[in-house]
2 protein chains.
Amino acid sequence: MGTRLALRIQERYEELTPSEQKLAQFLLDRPDEILASSATELARFTGVSKATAARLFRNLGYNDFNDVRLQAREERNRTGPVQQIPMPQASVDETVTVPTHLQVESANLTRTFEELRPDVLNAAAEQIAGAGRVWVAGLGIENGIARYLRILLTRVRPAVHMISENAATWPEELASTGPNDALIIIAVRPWTKQISTVLTFARTTRLKTIVITDPTNTGKARRKEATVLNCHVSTPWSELTQTSVLSMAQLLAATVANRIGGRAKARRDLIADLAEEIESGDI
Amino acid sequence: MGTRLALRIQERYEELTPSEQKLAQFLLDRPDEILASSATELARFTGVSKATAARLFRNLGYNDFNDVRLQAREERNRTGPVQQIPMPQASVDETVTVPTHLQVESANLTRTFEELRPDVLNAAAEQIAGAGRVWVAGLGIENGIARYLRILLTRVRPAVHMISENAATWPEELASTGPNDALIIIAVRPWTKQISTVLTFARTTRLKTIVITDPTNTGKARRKEATVLNCHVSTPWSELTQTSVLSMAQLLAATVANRIGGRAKARRDLIADLAEEIESGDI
DNA sequence: CATTTTCTGAAACAAGAGTTTCATAGACAT
DNA sequence: ATGTCTATGAAACTCTTGTTTCAGAAAATG
């Protein structure tokens, strides 16, 4: 579970102004900076003015930046000395070295899975295991990961379908879903309107929905009554990394397999046998 | 190894006055407080005056409390070597818990990137950056990741194509490649004959080939004169994890972007603008 | 296109942090 | 006891940080 500050940001993220969002983004990505840095520095890091920073904290419901810092500190003390891997700073020349890459990936993975609540994961797995049919959606860059997840799930249970990459045809495709189905959406920032639309649709048709996303969108998704699996995806430079998203997909599939139990294993073995036969030349 | 501050304190400890020692002691016990707290607070915690605190830092050879804080922060950021993460044993009941999953993923990532030689990575990036056209291939479960890599590369350079998932049509598709092209194959175990075939073909047509694979196939690929990016993918149970493969794809794309330099950035910005426009409704 | 509303940073202002000065309390030698 | 020297905190001072105000820019609205 994230910090209280993170939760507040997630709740109010859409109401924030663009520059406030920039700063809020940064705070979600690197909560430890709140303790280590002054508000002035935080503003400078994200390229907004001190004034905007002050406004953000007020808008989030704090009296003061000092309030924020005190809460953060208190939370750190409560959480105890979890050895967390720090996210490296952006280097000036923008060159990505191998060790830096490793550190970024480790930091994101660690945060992702240390914050993941097992009951949320199990709830998601339960919904997928128990669904009549399962639909997997991922737009743009997430499409590849969605396909990957679909294959993992196919190994474990029948009736797992991909929703096409073309968002325009989603209404038709989703029209054939029923309340006993489950929908998995992979959508990290930037969040598109289509996703909101689909989530709204899913809620009205009582489709069980699981959203794999990043902290800036958690609030939005949760408000649509989806089960949210939160992944940290930030890097010190401007790109995002999907590694933790893939890893989450992996874990989700494994948990589903676990839920289903023996039948999943049987299916997996069957598929392995088939694959072997095809490989051995009958193609 | 302790922090530099800790070392300095230990050196000069006896020379310090009693109240200074009280404060110094505290700093040795809880080095993280330096980042989180102001000098005034540190003084209050240990029951000494602000003046004493100021004197202590000066006596330790710093100009300023600010000096101390900056050094502490810097030390936090360039965290020492990542310690070796052991791969957990298979649990009897096959249940995947969240912490176990995290540990497996960390172990694979760490091994993958600690073994990765920067010159190999750079060679691969060079080939991709310099190629006329780039072809990306991934069969079966790797197909999703291949698509992901393709999108990453498309953001950075033109003429990046996917080779279809249907291996039967590969001969036709590859027929149109030239010696100035590059081919990226994502293929972890099990290794299929098709892949060997393609690699042989690539060698005879002098196609520059990069293979992202796992240690069991490294040798085979290398013998076909491909540039090999090795990924650790094992888990304590029978499944594989593709997390490090995705991460490798990410790093490769970043390195290519780096190679290409300004033009890559321009292209990326252009694409971001386009995406924004589409999102804003002109679809 | 004009008008209103919202957003934003510069600058003024208030509050707080860190340093320095200084007076005094205590330790020690004579 | 007296003088000397060191250690220490209170308070004055300076500089930085955080908040508020305000005017112009940008966006939304009619």
Item checked: Minimum side-chain heavy-atom gap Ser247(B)-Leu109(B) below 4.5 Å -> yes

Check: So, do Glu20(A) and Leu60(A) sit near enough that their side-chain heavy atoms are less than 4.5 Å apart?
Finding: no

Notebook entry, point to check: Without hydrogens or angle criteria, can the side chains of Asn230(A) and Thr218(A) be said to hold a donor-acceptor pair below 3.5 Å?
Noted result: yes

Margin query: Under 3.5 Å, is there a donor on one side chain and an acceptor on the other for Thr200(A) and Thr197(A)?
Written below: no

Check: Is it true that atom CZ of Arg203(A) has more than 12 heavy atoms of other residues, nucleotides or ligands lying nearer than 6.0 Å?
Finding: yes

Whole angstrom value for the distance that separates [atom2] of [N] from [atom1] of [X]:
{"X": "Leu56(B)", "N": "dG9(D)", "atom1": "CG", "atom2": "C1'", "value": "16 Å"}
{"X": "Asn63(A)", "N": "dG18(D)", "atom1": "CG", "atom2": "C1'", "value": "14 Å"}
{"X": "Leu23(B)", "N": "dT8(D)", "atom1": "CG", "atom2": "P", "value": "12 Å"}
{"X": "Asn66(A)", "N": "dT17(D)", "atom1": "CG", "atom2": "C1'", "value": "11 Å"}

What's [X] touching, base or sugar-phosphate or nothing? Going by heavy atoms closer than 4.0 Å.
{"X": "Ala51(A)", "value": "base"}
{"X": "Ala54(A)", "value": "base"}
{"X": "Asp64(A)", "value": "sugar-phosphate"}
{"X": "Arg69(B)", "value": "sugar-phosphate"}

Next item on the list: Report the residue (Arg55(A) or Thr40(A)) whose heavy-atom-nearest nucleotide on DNA chain D is the more 5′ of the two.
Entry: Thr40(A)

Next item on the list: Enumerate the residues from residues 10-21 of chain A whose closest heavy atom to DNA chain D is under 4.0 Å, giving them by residue number; use none for an empty result.
Entry: none

Checklist line | Residue pair Leu149(A) / Ala249(A): nearest heavy atoms and the distance that separates them | finding: CD1-O, 3.6 Å

Item checked: Audit row: Ser37(B), Glu33(B), side chain to side chain donor-acceptor pair (under 3.5 Å) steps and yes/no -> CA-CA 6 Å; Ser37(B) 308; Glu33(B) 285 299 331; 2.9 Å; yes

Check: How would you list, by chain and number, every residue that makes a ring-ring contact (aromatic ring centres under 6.0 Å, His included) with His232(A), sequence neighbours excluded?
Finding: none

Notebook entry, point to check: Taking only side-chain nitrogens and oxygens of Ser49(B), does any of them come within less than 4.0 Å of OP1 or OP2 of dA10(D)?
Noted result: no

Next item on the list: Identify the 5'-most and 3'-most nucleotides of DNA chain C with at least one atom closer than 4.0 Å to a non-hydrogen atom of chain A.
Entry: dC7(C) to dA10(C)

Note to self: So that I know where these two stand, are Phe65(A) and Phe57(A) an aromatic pair - ring centroids less than 6.0 Å apart?
What the structure shows: yes

